[in-house]
Number of protein chains: 2
Amino acid sequence: MRWSDLEDEACSVARTVSVIGDRWTLLILRDCFLRVRRFEDFQERLGITRPLLASRLRKLVKDFVLAKVPYQQRPLRYEYRLTEKGRDLYPVIMSIVHWGDVHMAGKKGRPLLHQHLVCGKTFDPVMVCSACGEPLDPRQVHVHRGPGAAGSRNLPPDEQRRPRLAHQR
Amino acid sequence: MRWSDLEDEACSVARTVSVIGDRWTLLILRDCFLRVRRFEDFQERLGITRPLLASRLRKLVKDFVLAKVPYQQRPLRYEYRLTEKGRDLYPVIMSIVHWGDVHMAGKKGRPLLHQHLVCGKTFDPVMVCSACGEPLDPRQVHVHRGPGAAGSRNLPPDEQRRPRLAHQR
DNA sequence: TTGACAGGTTTGAAAAATGAACTGACTATC
DNA sequence: GATAGTCAGTTCATTTTTCAAACCTGTCAA
């Protein structure tokens with residue numbers, strides 16, 4: 001399977017991964033949420049090579065995650081800003097940051113702290129159920145096929161179980 | 001910058017991306033949360049090449065995201081199970097799934113539906129503030145340097161602003 | 001007119017992914 | 001007891017990506 005084929009998969013992870021499933025893209029998006037907007041700034045902060053940065057930004061613009069908007073004329077210069085679609089990636093980035101804070105932080109602790117301007121406190125992001133508000137545990141979630149399910153390839157295996165290890169019976 | 005250098009960066013996104021920032025790894029993890037555990041099943045469901053699957057599983061085991069446990073003797077066979085560290089990636093996967101559901105779903109709607117066994121309802125994942133419980137908006141969050149911050153490279157740019165476009169003054 | 005700045009593109013070498021076939025330990029069936 | 005099948009990988013040659021350094025373009029300031 002080629003990467004570009006992922007867009008056509010009947011799986012939301014595959015389709016999302018076709019947009020952001022790339023190490024540099026995730027780092028670029030992190031910087032976008034830190035209000036970095038210009039080519040040179042991304043390049044210097046990330047240490048990414050210029051051709052790769054150009055290609056990643058081009059793809060993010062094509063996918064409407066970033067918008068390329070002029071910030072001056074003469075010489076015409078552009079900056080890259082998150083669209084609403086791009087801003088909706090905030091939970092993805094925040095959950096990645098949080099996992100890194102918990103499991104990958106060095107001895108000195110986490111590199112950045114987040115302050116919620118609504119309540120004023122330093123916080124961690126928590127993922128909850130939209131229906132009851134309780135934090136989510138993967139063992140308390142069942143998955144069913146939705147209207148967009150195509151074939152059986154991406155269903156959970158207990159809905160398409162074929163006999164396994166028949167010789168063990 | 002090499003990918004392996006990312007682990008040493010003073011940025012939680014970079015450190016996390018060094019573990020999961022790969023298209024196949026994210027798809028493997030999606031399947032792990034759907035209770036897929038065996039080499040052949042991953043290979044068939046994902047269409048990943050076998051050498052790549054082997055290398056990704058090896059890395060996830062090395063990073064303690066998955067554990068390789070025997071499920072039978074004679075012939076000795078192993079399966080891959082999420083560790084607690086791996087299960088903590090649930091918000092990452094769920095936020096990716098949700099973004100795909102909202103922004104990348106086809107005309108027929110989302111491929112999978114999630115049911116919360118605690119409340120019984122079909123739900124979406126929502127990311128909230130651990131302090132006040134309100135949903136997070138990136139514009140309502142300020143970032144400060146934490147104890148693990150090293151140098152200024154990964155700080156938000158407003159804390160290290162240098163003069164820009166001096167000739168425009 | 002010389003140099004600097006912002007935002008890229010070009011080019012050749014190095015690294016990674018792909019696809020197909022193969023290995024090895026074991027079992028089940030003819 | 002020969003043959004086929006299962007599962008979890010590895011090997012190897014080919015194609016694709018990525019990397020690093022240098023180069024290009026338009027504009028401005030000294």
Side-chain angles (χ1 to χ4, degrees), chain A residues 1-6 17-18 21-28 31 36-62 66-81 157 161-169, chain B residues 1-6 17-18 21-28 31 36-62 66-81 157 161-169:
Chain A
M1 197 194 316
R2 305 234 158 38
W3 194 7
S4 50
D5 300 339
L6 282 182
V17 162
S18 77
D22 169 89
R23 43 180 179 281
W24 289 120
T25 300
L26 287 166
L27 293 172
I28 289 168
D31 271 9
V36 176
R37 306 200 220 276
R38 297 186 191 170
F39 191 94
E40 298 291 327
D41 291 341
F42 286 114
Q43 204 275 316
E44 187 190 345
R45 289 171 53 88
L46 299 178
I48 186 176
T49 62
R50 303 173 71 83
L52 213 40
L53 176 58
S55 106
R56 292 295 180 265
L57 290 173
R58 206 159 37 228
K59 176 159 170 53
L60 287 169
V61 168
K62 194 198 86 199
L66 298 181
K68 186 174 180 175
V69 298
Y71 66 89
Q72 67 172 30
Q73 311 288 332
R74 291 197 337 279
L76 186 55
R77 289 285 146 60
Y78 297 96
E79 62 184 14
Y80 296 88
R81 288 171 164 269
R161 198 43 116 180
R162 65 188 195 288
R164 298 287 303 264
L165 290 168
H167 61 267
Q168 283 216 312
R169 272 184 283 191
Chain B
M1 197 198 308
R2 302 227 165 42
W3 194 6
S4 50
D5 298 340
L6 281 182
V17 162
S18 77
D22 168 90
R23 44 178 177 281
W24 290 120
T25 300
L26 287 166
L27 293 172
I28 290 168
D31 271 9
V36 176
R37 308 200 219 275
R38 297 184 191 173
F39 191 93
E40 297 291 324
D41 290 340
F42 287 116
Q43 203 276 317
E44 187 190 345
R45 289 170 54 87
L46 298 177
I48 184 175
T49 62
R50 302 173 73 83
L52 208 41
L53 175 59
S55 106
R56 291 295 181 266
L57 290 173
R58 207 157 37 228
K59 177 161 169 52
L60 287 169
V61 168
K62 194 198 86 200
L66 298 181
K68 187 175 180 176
V69 298
Y71 66 88
Q72 70 172 29
Q73 313 287 331
R74 290 199 336 280
L76 186 55
R77 289 288 147 66
Y78 296 96
E79 62 183 14
Y80 295 89
R81 288 171 164 270
R161 199 44 117 181
R162 65 189 195 287
R164 299 289 302 263
L165 290 167
H167 60 267
Q168 283 215 312
R169 274 184 281 198

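Because only heavy atoms are used, hydrogens play no part in the values below, and waters and symmetry mates are left out as well, while side chains stay in. Reminder, nothing fancy here: chain letters follow the sequence lines and each chain counts from 1.
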Nearest-neighbour nucleotide for the T49(B) side chain, dT27(D), dG19(C), dG9(D) considered: dG19(C)

Nearest listed nucleotide, side chain of F39(B), among dG8(C), dG9(D), dT27(C): dG9(D)

Atom-to-atom span, [atom1] of [X] to [atom2] of [N] - whole angstrom:
X      : N       : atom1 : atom2 : result
L76(A) : dT27(D) : CG    : C1'   : 11 Å
Q43(A) : dC5(C)  : CD    : P     : 15 Å
E44(B) : dT6(D)  : CD    : C1'   : 13 Å
R37(B) : dG9(D)  : CZ    : P     : 16 Å
R58(A) : dG8(C)  : CZ    : P     : 9 Å
R50(B) : dG24(C) : CZ    : C1'   : 13 Å
K68(B) : dA8(D)  : NZ    : P     : 10 Å
R38(B) : dA8(D)  : CZ    : P     : 7 Å

Tell me whether the side-chain N/O atoms of [X] come closer than 4.0 Å to OP1 or OP2 in [N].
X      : N       : result
W24(A) : dC19(D) : yes
Y71(B) : dA8(D)  : yes
Y80(B) : dC7(D)  : no
R56(A) : dT17(D) : no

Residue met sooner reading DNA chain C from 5', once P51(A) and L52(B) are mapped to nucleotides: P51(A)

Heavy-atom neighbours of F39(B) CZ exceed 12 at 6.0 Å: yes

Nearest-nucleotide comparison on DNA chain D, the residue closer to the 5′ end among S55(A) and Y78(B): Y78(B)

Closest approach of [X] and [Y], non-hydrogen atoms and distance?
X      : Y      : result
F42(A) : V36(A) : CZ-O, 3.4 Å
D22(B) : T25(B) : OD2-N, 2.9 Å
L46(B) : W24(B) : O-CZ3, 3.7 Å

Base dA8(D) to side chain R77(B), donor-acceptor N/O within 3.5 Å cut-off: no

Side-chain touch V69(A)/E79(A), heavy atoms, less than 4.5 angstrom: yes

